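Just so it is clear, the model here is predicted, and its values are computed rather than measured.
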Amino acid sequence: EAQVTQNPRYLITVTGKKLTVTCSQNMNHEYMSWYRQDPGLGLRQIYYSMNVEVTDKGDVPEGYKVSRKEKRNFPLILESPSPNQTSLYFCASSFLTGATEAFFGQGTRLTVV
Amino acid sequence: AQKITQTQPGMFVQEKEAVTLDCTYDTSDQSYGLFWYKQPSSGEMIFLIYQGSYDEQNATEGRYSLNFQKARKSANLVISASQLGDSAMYFCAMREGYNNDMRFGAGTRLTVKP
């Protein structure tokens, strides 16, 4: 089954404790990205990657890191989480063309206390 | 600058009636794609419908259709014969031809009343 898998689905952590949210896709997509969703703001892009070892900042990259060592994986790293990073996070992937939809993971609800 | 605008934070519709969710966009690119996604209370993002900027016909997918007015830069989603299961958050999104970034609007929460 074609899918984007994110883990964990839910996470409560404390300020400053490094964490990683994993994302994996099995559709051989070149393009992968991370979004955060906050009420009234829709989905805002954090980082994206157009290929292995190629990553770039989205609209809200501060406080986040990513890596793309393999085509299928695109982990999101919060080195020192803060309460303002409490949000719903989505990983998405697609082919490198504007004519195709993005496939989304199930979402990760992160709470930083 | 906001590229996708959804002006209706919340909408109500009676079951079996049609409803239109508004979306306007801003781009100077000639090639772009417009998308609608549904997010039920369970949280997942479900792709509904796509419209390409060069498509002359409005896209349709079952009970969903996209009212594409290029000159007005609007891409409204029309849901016909609403069902209780249509109650969800709906997001309009755009991908511009020169890059692959998908930009989203703030969303519209639709509630279908029995």
Using the rule that two of Ile, Leu, Val, Met, Phe, Trp, Tyr join whenever any of their side-chain heavy atoms come within less than 4.5 Å, decide whether [X] and [Y] are in one cluster.
X	Y	answer
A:V54	A:W34	no
B:Y64	B:L110	yes
B:W36	B:M94	yes
B:V112	B:V78	no
B:F35	A:F103	no

Query raised in the report: Yes or no on side chain to side chain contact (heavy atoms under 4.5 Å, CB included) for A:Q37 and B:F91, after CA distance, side-chain angles and deciding distance?
Result: CA-CA 11 Å; A:Q37 181 182 354; B:F91 291 100; 3.4 Å; yes
**Report entry** A:G40 to B:A106 - nearest heavy-atom pair and separation
**Finding:** O-CB, 3.5 Å
**Report entry** Exercise: identify the closest heavy-atom pair between A:Y31 and B:D101
**Finding:**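 Closest approach of A:Y31 to B:D101: OH-OD1, 2.8 Å.
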Query raised in the report: Okay, side chain of B:R95, backbone of A:T100: is any donor-acceptor separation there less than 3.5 Å?
Result: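 A pair under 3.5 Å: yes.
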Query raised in the report: So, A:Y35 side chain and B:M102 main chain: donor-acceptor pair closer than 3.5 Å or not?
Result: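 Yes, A:Y35 side chain to B:M102 backbone: donor-acceptor pair under 3.5 Å.
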Does [X] have more than 12 heavy atoms from other residues, nucleotides or ligands lying within 6.0 Å of its [atom1]?
X	atom1	answer
A:R109	CZ	no
A:I12	CD1	no
B:Q30	CD	no
B:K16	NZ	no

Query raised in the report: How far does CZ of A:F104 sit from CZ of B:F47, to the nearest 0.5 angstrom?
Result: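 Answer for the CZ-CZ pair, A:F104 versus B:F47, is 11.0 Å.
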Query raised in the report: How many angstroms lie between atom OH of B:Y37 and atom CZ of A:F90, to the nearest 0.5 angstrom?
Result: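 Rounded to the nearest 0.5 Å, the OH-CZ separation comes to 11.5 Å.
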Requested in this report: Below 4.5 Å from any heavy atom of chain A, which atoms of B:S42 appear? Answer side chain, backbone, both or neither.
Outcome: backbone
Query raised in the report: Of the backbone (N, CA, C, O) and the side chain (C-beta and beyond), which part of B:Q39 lies under 4.5 Å from a heavy atom of chain A, both, or neither?
Result: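 Contact with chain A involves the side chain of B:Q39 alone.
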Report task. Specify which of A:G58, A:S94, A:S33 makes the most heavy-atom pairs with chain B at under 4.5 Å. Result ->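 That would be A:S94.
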Requested in this report: With a 4.5 Å cut-off on heavy-atom pairs, point out which of A:A102, A:A92, A:G105 contacts chain B the most.
Outcome: A:A102
Query - Intermediate values then yes/no, side chain to side chain contact (heavy atoms under 4.5 Å, CB included), A:E101 and B:Y50 - result: CA-CA 7 Å; A:E101 75 271 26; B:Y50 162 80; 6.0 Å; no
Report task. Name the region of A:D38, side chain, backbone, both or neither, that has any atom closer than 4.5 Å to a heavy atom of chain B. Result -> neither
